[in-house]
Amino acid sequence: MNKQEFLTYSGLQVQILDLWLEQRWLTPEETSVGIQFSDIDVARARLIYDLKSDLGANDEGIDVILHLMDQIHGLRHALAQLHKDIQERSP
């Protein structure tokens, strides 16, 4: 989805989106037609919004939370791949 569609789905204002992109809290795919957002980007934006508004997390806290979540996601992916590799090698 393009930037305008993302703003509609996420409910963010342009200024907030631009700030979050600058902070690299959101990292949409860059294509020849411009940046393209995914459903995961929308979910991540809603999470950031909830962390800030409902839980009162500050910018440094958001940085830490997102970094930890990204690490967990990466580890889950690595573990799934390892499990798949073990299954393929087992008789």
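Remember, predicted model here, so these are calculated numbers, not experimental data. Positions are given from 1, in the same order as the sequence printed here.
Shown here for R46 and Y9, the closest heavy-atom pair between the two residues is NH2-O, 2.6 Å. For the residue pair I65 and A57, the shortest heavy atom distance occurs at CD1-CB, 4.5 Å. Shortest non-hydrogen contact noted between L7 and V14 is CD1-CG2, 3.5 Å. Taking every heavy atom of both residues into account, D41 and P28 meet most closely at OD2-CA, 3.9 Å.
Not one N or O on the side chain of E88 forms a donor-acceptor pair closer than 3.5 Å with the backbone of D85.
Under the 4.5 Å side-chain heavy-atom criterion for grouping Ile, Leu, Val, Met, Phe, Trp and Tyr, W25 is connected to M69 within one hydrophobic cluster. Linking Ile, Leu, Val, Met, Phe, Trp and Tyr whenever their side-chain heavy atoms come within less than 4.5 Å puts L19 and I48 in one cluster. The same ILVMFWY cluster, assembled from side-chain heavy atoms under 4.5 Å apart, contains both L47 and L55.
Taking the six-membered ring where tryptophan is involved, the planes of F6 and F37 are essentially parallel, since the angle between them stays under 30° and well short of 60°.
For CG of D39, the number of neighbouring non-hydrogen atoms (other residues, nucleotides, ligands) closer than 6.0 Å is 12 at most. Atom CD of Q81 has more than 12 neighbouring heavy atoms from other residues, nucleotides or ligands inside a 6.0 Å radius.
In this structure, the separation between OG on S38 and CZ on R44 is 10.0 Å, given to the nearest 0.5 Å. The CG atom of L66 sits 10.0 Å away from atom CD of Q23, with the distance rounded to the nearest 0.5 Å.
For the 3.5 Å distance criterion, the side chains of H83 and Q87 qualify, holding a donor opposite an acceptor.
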L21 vs I35, test: side-chain contact (heavy atoms from CB on, under 4.5 Å). Steps then yes/no.
CA-CA 11 Å; L21 290 170; I35 58 174; 4.2 Å; yes
Practice prompt. Please step through side chain to side chain donor-acceptor pair (under 3.5 Å) for the pair H67 and Q71, ending with a clear verdict.
Written response: CA-CA 6 Å; H67 178 71; Q71 284 184 330; 3.2 Å; yes
Report task. Carefully, step by step, assess N2 and E5 under the rule side-chain contact (heavy atoms from CB on, under 4.5 Å). Result -> CA-CA 5 Å; N2 64 31; E5 292 169 324; 3.3 Å; yes
Verdict with reasoning, K52 to D59, per side-chain contact (heavy atoms from CB on, under 4.5 Å): CA-CA 8 Å; K52 290 183 81 59; D59 288 356; 2.7 Å; yes
Please evaluate residues Q13 and D18 with respect to the criterion side-chain contact (heavy atoms from CB on, under 4.5 Å), reporting the C-alpha separation (whole Å), side-chain torsions for both, the decisive distance (0.1 Å), and the verdict. CA-CA 9 Å; Q13 297 177 348; D18 290 341; over 6 Å; no
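Using a 4.0 Å cut-off between charged side-chain N and carboxylate O, D63 and R24 make no salt bridge.
Looking at heavy atoms from C-beta onward, N58 lies out of side-chain contact with I62 at the 4.5 angstrom threshold. The shortest distance between side-chain heavy atoms of L12 and W20 falls below 4.5 Å.
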